[in-house]
Engineer: 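Pasting a structure here, questions to come.
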2 protein chains.
Amino acid sequence: MKASSSTSKPSAKYHHGNLRQTLLAAAKQMIAADGIESLSLRKLADKVSVSRTAAYHYFDDKNDLLCAIASDGFRQWQQLLKQSEQQNQTERQKFEKYLVNYMVFATHHPEEYELMFGRCIWKQAKCTEELQTIAHGTFQHQVDMMAYWQSIGLVVGNNPLRTAQIIWGTLHGIAKLFIDGVYVDDTRAEEIVKSALPMFLVPKD
Amino acid sequence: MKASSSTSKPSAKYHHGNLRQTLLAAAKQMIAADGIESLSLRKLADKVSVSRTAAYHYFDDKNDLLCAIASDGFRQWQQLLKQSEQQNQTERQKFEKYLVNYMVFATHHPEEYELMFGRCIWKQAKCTEELQTIAHGTFQHQVDMMAYWQSIGLVVGNNPLRTAQIIWGTLHGIAKLFIDGVYVDDTRAEEIVKSALPMFLVPKD
DNA sequence: CAATCAATCTTGACACTGTCAAAATGCTGG
DNA sequence: CCAGCATTTTGACAGTGTCAAGATTGATTG
């Protein structure tokens with residue numbers, strides 16, 4: 001019998017309550033604390049006070065769980081993007097904000113970022129349908145924005161896909177060098193990306 | 001008793017011969033075939049027909065072995081760089097060659113590249129002294145080249161370190177997006193980096 | 001040449017991992 | 001109250017890195 005009986009927690013009614021969400025939350029917390037590689041399903045189960053294999057009713061696999069976390073990460077990123085786009089700013093400001101946002105998100109959620117864009121999931125080609133879909137949507141959105149910024153003469157180049165790949169590459173590269181510990185001082189990330197900005201902009205008249 | 005007695009192989013004289021080199025070579029072959037994450041010391045030992053723990057006489061650790069592979073990778077990269085620098089070309093051509101070389105090296109040795117610059121080693125801060133040294137030398141060389149290219153007005157910017165960080169970031173990012181399987185068509189890597197080139201160059205008069 | 005030594009390699013063991021099959025538990029509708 | 005079903009647990013297995021202790025073997029020295 002669990003301690004949380006009767007009417008203590010509103011969402012705890014069935015066996016555990018909603019184990020899936022609890023597992024996801026705990027897993028996120030654990031990877032944030034100790035990194036992806038030191039997350040084990042058994043330690044996770046321990047932390048949630050549940051049996052070793054309980055998670056297998058909600059996730060096919062360890063990989064499946066990681067994909068779910070990555071998907072959540074994409075949702076979080078999309079929401080942040082949407083908020084930022086609604087701000088009343090010049091396009092130039094929006095573009096800069098996009099770059100900085102990307103960097104801040106990546107360095108503040110390094111483990112989620114790794115799951116979203118790292119080898120762990122994509123390399124092994126074991127990517128959930130859900131993740132595939134939401135990730136592709138995000139990529140497409142990037143390309144669309146780039147196309148627009150090029151069309152109004154803000155960003156260099158005339159091939160949106162190609163330009164998006166390069167600019168994204170730059171952001172991704174700098175982010176990963178920080179996240180993976182090759183560059184050490186996280187706080188410089190924003191500074192660096194800002195000094196990269198002029199390379200992407202069409203020179204003013 | 002081993003089968004390779006008498007004078008069959010020239011390098012097989014002691015117990016095994018030179019197990020260290022054999023292990024390194026076999027390990028490189030295995031990660032090239034199946035990726036870093038599916039390399040196990042036991043399978044490696046099997047492949048070399050040696051006991052599970054034999055490797056521990058030459059490497060402290062699995063991590064230590066991976067560091068050794070990474071170090072070899074840096075030596076290979078440095079050699080490639082040196083060769084390329086001796087070619088008789090304009091500085092502009094050398095710069096372009098540098099970018100393309102980086103990309104080709106990364107995409108042709110993806111697993112070694114991951115060990116050299118990836119989270120696997122750097123994130124966990126378990127980096128050999130040897131690796132630390134040779135890696136730092138490579139970074140410094142990059143910065144020095146960038147300083148020179150800026151001084152002759154070839155490359156944009158006037159802060160060599162900052163510029164090196166950004167350009168390296170771009171290369172690294174694009175390389176990793178390919179290596180990790182986010183971008184799929186490896187053959188486009190060179191094309192992409194070439195179209196990024198103009199962003200780094202000072203416009204001609 | 002023979003005995004000792006140190007380098008090299010193997011065996012045994014342990015804790016930890018992901019994952020499957022089968023059993024047990026507890027809620028819910030009839 | 002009971003059957004059925006969703007949910008969770010127990011048992012088991014193969015695989016992993018790594019340590020301690022023993023076995024092998026080439027080299028060294030009296």
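Chain naming here is simple, since letters A, B, ... match the order of the sequence lines and numbering starts at 1 in each. For clarity, every value in this text was computed on a predicted model and none was experimentally measured.
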Engineer: If you assign A:Ala54 and B:Asn63 each to the DNA chain D nucleotide with the nearest heavy atom, which residue ends up on the more 5' nucleotide?
Structural biologist: A:Ala54
Engineer: Please step through side chain to side chain contact (heavy atoms under 4.5 Å, CB included) for the pair A:Val182 and B:Phe139, ending with a clear verdict.
Structural biologist: CA-CA 10 Å; A:Val182 180; B:Phe139 302 162; 4.0 Å; yes
Engineer: Please confirm whether the shortest side-chain N or O distance from A:Tyr56 to OP1 or OP2 of D:dT9 is below 4.0 Å.
Structural biologist: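 For D:dT9, neither OP1 nor OP2 has a side-chain N or O of A:Tyr56 closer than 4.0 Å.
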Engineer: Using whole Å, what does the distance between atom P of nucleotide C:dG18 and atom CZ of A:Phe59 come to?
Structural biologist: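 Atom-to-atom, A:Phe59 to C:dG18, this comes out as 14 Å.
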Engineer: Between A:Gln76 and A:Asp72, does any side-chain donor sit less than 3.5 Å from a side-chain acceptor?
Structural biologist: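 Distance-only check fails for A:Gln76 and A:Asp72.
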Engineer: Does one side chain, of A:Thr107 or A:Asp186, offer a donor that lies under 3.5 Å from an acceptor on the other?
Structural biologist: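 No.
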Engineer: Under a 3.5 Å distance rule, please check whether B:Thr133 uses its side chain to pair with a backbone N or O of B:Glu129 as donor and acceptor.
Structural biologist: yes
Engineer: Is there, by distance only and without an angle test, a donor paired with an acceptor across the side chain of B:Thr53 and the base of C:dT11 below 3.5 Å?
Structural biologist: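 Looking at the base of C:dT11, it does pair with a donor or acceptor on the side chain of B:Thr53 (distance under 3.5 Å).
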Engineer: Take atom CG of A:Asn18 and atom P of D:dT8, then tell me their distance rounded to the nearest Å.
Structural biologist: 10 Å
Engineer: Would you check if the distance from the ring center of B:Tyr113 to the ring center of B:His172 is below 6.0 Å?
Structural biologist: yes
Engineer: Record whether the side chain of A:Ser51 comes under 3.5 Å of the base of D:dT10 through a donor-acceptor pair of N or O atoms.
Structural biologist: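 Such a pair does not exist between side chain and base.
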Engineer: Using atom CD of B:Glu37 as one end and atom P of C:dT17 as the other, report the distance to the nearest whole Å.
Structural biologist: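 Roughly 19 Å, once rounded to whole Å.
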Engineer: Give A:Tyr58 one of three labels, base, sugar-phosphate or nothing, depending on what nucleic acid heavy atoms sit under 4.0 Å from its own.
Structural biologist: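 The answer is sugar-phosphate, as A:Tyr58 gets under 4.0 Å only of primed atoms, P, OP1 or OP2.
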Engineer: Using nucleotides 13-16 of chain D, report all nitrogen or oxygen pairs with the protein that are shorter than 3.5 Å.
Structural biologist:
unit_1	atom_1	unit_2	atom_2	d
D:dT16	OP1	B:Ser40	OG	3.1

Engineer: Please check if any side-chain donor atom of B:Tyr102 sits under 3.5 Å from a side-chain acceptor atom of B:Trp77, or the reverse.
Structural biologist: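 Side chains of B:Tyr102 and B:Trp77: no pair found under 3.5 Å.
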